[in-house]
2 protein chains.
Amino acid sequence: MRLSERKISSIMRQRGYKLTPQRRAVIKIIMGSDNHLTPEAIYQSVRDGHQNIGLTTIYRTINILSDLGLICEVHTAGSGRSYLVRRPLEHHHHLVCSGCNRVVDFSNCDLADIERKLSEGTGFKIEEHLLEFVGICPDCQQTAGT
Amino acid sequence: MRLSERKISSIMRQRGYKLTPQRRAVIKIIMGSDNHLTPEAIYQSVRDGHQNIGLTTIYRTINILSDLGLICEVHTAGSGRSYLVRRPLEHHHHLVCSGCNRVVDFSNCDLADIERKLSEGTGFKIEEHLLEFVGICPDCQQTAGT
DNA sequence: CTATAAATGAAAACTCTTTTCTTTTGTAAC
DNA sequence: GTTACAAAAGAAAAGAGTTTTCATTTATAG
């Protein structure tokens, strides 16, 4: 099962959040993009869609979606944050195009071995890991090659 | 070979940077810590050592050290940046204690397989990766357990 | 339809970082 | 050692990015 606009709306309502046109617009933009988006980019997109919205509302909505685990943050982006709808609901990671910001998900992060070795070697009780790959997608390779 | 204060100083001088007491102090603090440190923490440490310094100078020094590849940024820290001297000069990653911020390095990140599979599956030309583990170190496990 | 708690938007505040500009200083050449 | 000067320091201001405040508007349950 993957998240749809409808599903996200439903989860938000369940948790007691009202579904305002502004929130719908933010969700729609995030759902409709393959790229990771900064708050500013979401802001511009919503306004390009001729909806009025304040940047404050973008931030507030992002924070809610993030708290509910419905969006993921991309860490290899520059300064500032950048978000993406959570597509696979299971544990996963991102492969990010440095050209166009497109993000591909992958779930088979085979870190169990490394994690076990590290844990044994250091005595650390490992709680989480951060793994991201950055590269250039086929489209951007072509563009750069010409 | 590992970086020493002397080595770092020598590299900086080679690159045309002057060795001021302030820079020495920042290098000494970073070198002397197993933990990742925020600019603010470095600032406090230097001042605790009874050296006068401005926060601006901390930022400028950090930026130089970072440009020269002499310090590493830790990404799993909270908001804001956090730095650590570069200990292994080869490609490596960090295991970070969420209790005391201690950082352990590891070099055998066996991601070549994952990287190859990803590259074949997606057509991306992979350029870099970000890998960090977060856990609790033995000392902090004991403290928490009592 | 109404009541109300929640959401919005604008402005202000806040945090983190960089820039500007004047004064000070490390370093190389004498 | 002195001297000369480009580079660095420090203070204050400016600049990003994000959150808070507060008065007004609105979604939704009854």
Side-chain angles (χ1 to χ4, degrees), chain A residues 5-6 8-30 36-47 49-68 70-71 73-83, chain B residues 5-6 8-30 36-47 49-68 70-71 73-83:
Chain A
E5 275 177 66
R6 190 176 303 259
I8 291 181
S9 301
S10 151
I11 291 171
M12 287 187 73
R13 205 184 276 119
Q14 271 181 358
R15 297 298 205 90
Y17 294 105
K18 289 181 181 172
L19 266 190
T20 63
Q22 290 91 338
R23 287 182 179 166
R24 285 176 199 279
V26 171
I27 294 168
K28 190 182 177 75
I29 293 299
I30 295 184
H36 58 95
L37 301 171
T38 60
E40 185 63 30
I42 296 169
Y43 179 63
Q44 292 304 336
S45 288
V46 172
R47 290 176 89 96
H50 307 96
Q51 283 240 15
N52 216 34
I53 197 169
L55 192 49
T56 310
T57 300
I58 305 283
Y59 277 103
R60 281 194 278 233
T61 305
I62 285 174
N63 287 347
I64 292 167
L65 292 171
S66 182
D67 287 348
L68 296 179
L70 302 174
I71 56 176
E73 189 172 348
V74 171
H75 297 260
T76 42
S79 69
R81 313 176 188 160
S82 217
Y83 294 92
Chain B
E5 273 176 67
R6 189 175 305 258
I8 290 180
S9 301
S10 151
I11 292 171
M12 286 186 73
R13 205 184 277 118
Q14 272 182 356
R15 298 297 207 90
Y17 293 106
K18 291 182 179 171
L19 266 189
T20 62
Q22 291 90 338
R23 287 183 178 165
R24 285 176 197 279
V26 170
I27 293 168
K28 191 183 176 74
I29 292 298
I30 295 184
H36 58 96
L37 300 171
T38 60
E40 184 63 31
I42 296 169
Y43 179 64
Q44 292 304 336
S45 288
V46 174
R47 291 176 89 97
H50 307 96
Q51 284 239 15
N52 216 34
I53 199 170
L55 192 49
T56 309
T57 300
I58 304 284
Y59 276 103
R60 281 195 277 234
T61 306
I62 285 174
N63 288 345
I64 292 167
L65 293 171
S66 182
D67 287 349
L68 295 178
L70 303 174
I71 55 175
E73 188 172 349
V74 171
H75 297 259
T76 41
S79 69
R81 314 176 186 161
S82 217
Y83 293 93

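In this text, all values refer to a predicted model and were calculated from it rather than measured experimentally. Every chain is numbered from 1, with letters handed out A, B, ... down the list of sequences.
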Donor-acceptor contact present, side-chain R13(B) to main-chain L19(B), <3.5 Å: no
So does P39(A) get a backbone contact from the side chain of R81(A), meaning a donor-acceptor N/O pair under 3.5 Å? no
Below the 4.0 Å mark, does dA7(D) have OP1 or OP2 next to a side-chain nitrogen or oxygen of R15(B)? no
Return no unless some side-chain N or O of Q22(B) is found under 4.0 Å from OP1 or OP2 of dG10(D). yes
Side chain of T56(B), heavy atoms from C-beta onward: which of dA9(D), dG9(C), dT19(C) has the nearest atom to it? dT19(C)
Under-4.0 Å side-chain N/O to phosphate OP1/OP2 contact, R60(B) with dA11(D): no
Whole-Å distance, I58(A) CD1 to dT19(D) C1', equals 15 Å
What's the separation between atom CD1 in I42(A) and atom OG1 in T61(A), rounded to the nearest 0.5 Å? 9.0 Å
Phosphate oxygens OP1/OP2 of dT18(D): is one of them under 4.0 Å from a side-chain N or O of R81(A)? yes
Treating S45(A) as the side-chain partner and A41(A) as the backbone partner, does any N or O pair qualify as donor plus acceptor under 3.5 Å? yes
Does a side-chain N or O of T20(B) approach OP1 or OP2 of dT25(C) to a distance below 4.0 Å, or not? no
Residue whose closest nucleotide on DNA chain C lies nearer the 5' end, I64(A) versus R47(A): I64(A)
From the options dG17(D), dA27(D), dG10(D), select the nucleotide whose nearest atom is closest to the side chain of Y59(A). dG17(D)
How many whole angstroms separate atom CG of L19(B) from atom P of dA6(D)? 20 Å
State which of dT8(C), dA27(D), dA10(C) makes the closest approach to the side chain of K18(A). dA27(D)
Counting side-chain heavy atoms from CB outward, which of dT18(C), dT19(D), dT17(C) is closest to N63(B)? dT18(C)
